[in-house]
Amino acid sequence: MTTTLQAEPVRPATMSRGQLLVLLLLLASQFTLTVDFSILNVALPTVGASLGFAEAHVQWIATAFALCAAGFTLLFGRIGDYVGRRRVFLIGMVALGAASLLGGVATSPEVLLTARVAQGLATAAVTPAALSLLTVSFPEGPLRQRALGLNSVVMSTGFTAGAVLGGVLTDLLSWRWAFLVNVPIALLVVAVAPFVLRDSADRERSRLDVPGAVLVTSGLLALVYGATRLGEAGLADPWGLAALVGGVVLLGVFWRAEGSHPHPLVPLRILTRRTIGFGNVAGFATFAFESSLVFVLTMYLQHVLRLDALQTGLMLVAMGLGAIIGGSVAPRLVEAFGLRTTVAGGLLVQAATTGVLVLVGPSVGWLWFVGLMTFVGAIGHVAAIVGFMIAVTSGLPDHEQGLATGLA
């Protein structure tokens, strides 16, 4: 007698109730961060005029935030591996709410920039903590890919909502609400998080590499500051060039020091992994393109085409819709074509649709073209984001997820 054994069909992995609650809470925090990033873009000219910023210095409203967010994210991500990601996440959300309140009541450039610095530090703490909590809550494979895809969708939705909300609030109420709207959301997340989030028991047990933390944070700050100075004062600016050179030297010393440290802040073996190296280079490229594009587009729409804040926000909806589509289809593209093909294809689409924008002129007749290109480009952009985030968080133990997301 021959018995034929039929394998049971493989059922798609589903999220547990606990995983769903974790996902919803972390997505709410990411939504707040992306709203915070985009809500001020359309309001920058209004904020600058209201508080007496010189036009050349308006950029510092964004740059003060970027300096701290870029300079401290790796450090805070690694601290989360040591002291607990939930603790860092909660402290960061409290700081974000307080900084947003300070920005909302600011009456001078100095107070506003202080609030933006605090918001940047809070973002540097919350972003890697939230992402690493997300990755350790979902095993590698379809569940994690789906969670990261949803994370990208929510971030894109937050970007779109922030752009539109910034225009609405600036036109109908006051630019101050672009800050104050974060306060109740941050309070809600802080109230719920202790009952939903659980820290992984797998933590880094060695002592924190303080010299390495100082070197890498100083180096990143110097690089971002140098790039900002050169953009503001020109390529011959001595302070900008000195900052760039200093940043490179500091990061070089950091690299050498990590190679001989018994418990380095960034184990160099991680950087030699193909997925980590490829993923982070791709992530740097896609964010460098898109972040600068958003700033330049805002200036183009308001200073060249003379659109108001609300109209500018509505124009950026096309980019947000494309980003939502990109985040939705990216996990399927990864499964069908692989990580490298998905990331490379997304970057090519983004580069092509950004490059053709050099054709636009000073007429509102170009609005349809701008909308179409930013819509298609955003699909490629977010597909690349999902691919690179999967790449840089795969194959690592839980106690290195803060490092992985901090690097990303």
Side-chain angles (χ1 to χ4, degrees), residues 8-36 77 80-81 84-94 96-97 123 125-162 182 184-203 320 323-335 382-383 385-394 396-399 401-402 404-405 408:
E8 292 186 5
V10 178
R11 298 178 181 177
T14 56
M15 296 183 189
S16 67
R17 182 181 177 184
Q19 286 177 321
L20 185 59
L21 289 174
V22 169
L23 182 62
L24 290 174
L25 180 71
L26 295 177
L27 293 185
S29 70
Q30 295 290 66
F31 181 84
T32 304
L33 293 177
T34 49
V35 165
D36 189 46
D81 288 335
R85 301 173 190 94
R86 187 178 75 159
R87 182 179 299 171
V88 173
F89 176 82
L90 288 171
I91 293 173
M93 288 302 299
V94 170
L96 180 64
T123 299
V126 172
T127 301
L131 284 172
S132 55
L133 284 167
L134 186 69
T135 55
V136 299
S137 298
F138 296 90
E140 281 189 39
L143 271 185
R144 182 179 292 181
Q145 293 176 16
R146 195 182 314 163
L148 289 173
L150 288 171
N151 183 69
S152 298
V153 169
V154 168
M155 291 177 70
S156 305
T157 306
F159 171 84
T160 306
N182 291 331
I185 301 175
L187 289 174
L188 180 61
V189 170
V190 170
V192 174
F195 303 99
V196 175
L197 297 180
R198 294 291 181 270
D199 245 329
S200 169
D202 186 11
R203 291 188 190 175
I324 292 170
I325 294 173
S328 301
V329 303
R332 300 175 189 174
L333 293 175
V334 170
E335 290 183 15
V382 178
I385 289 176
V386 175
F388 111 79
M389 282 305 305
I390 294 172
V392 300
T393 57
S394 298
L396 294 174
D398 284 355
H399 70 264
Q401 286 295 326
T405 54

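Everything numeric here is computed off the predicted structure, so don't read it as measured data.
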- Query: In Å and rounded to the nearest 0.5 Å, what is the CE to CG distance from M389 to L134?
  - Reply: 8.0 Å
- Message: So, using side chain to side chain contact (heavy atoms under 4.5 Å, CB included) as the criterion, who are the partners of V196 when residues are at least two apart?
- Response: L21, V22, L25, V192
- Can you sort out the partners of A186 under side chain to side chain contact (heavy atoms under 4.5 Å, CB included), two or more places apart, ordered by chain and number? M93
- Can you name the closest pair of heavy atoms from L90 and A193 and give their distance? CD2-CB, 3.5 Å
- Item | Closest non-hydrogen atom pair, S132 against R85 | OG-CD, 2.9 Å
- In short, G92 meets V126 closest at the heavy-atom pair C-CG2, 3.4 Å
- Could you tell me the separation between the CG atom of L333 and the OG atom of S328, rounded to the nearest 0.5 Å? 11.0 Å
- Approximate separation, where rounding is to 0.5 Å, of I385 CD1 and I390 CD1: 12.0 Å
- Task: For residues G387 and V334, report the shortest heavy-atom separation together with the two atoms involved.
- Result: CA-CG2, 4.5 Å
- Heavy-atom pair of closest approach, residues A125 and V88: O-CG1, 3.6 Å
- Set of residues satisfying side chain to side chain contact (heavy atoms under 4.5 Å, CB included) with respect to I91, sequence neighbours excluded: R87
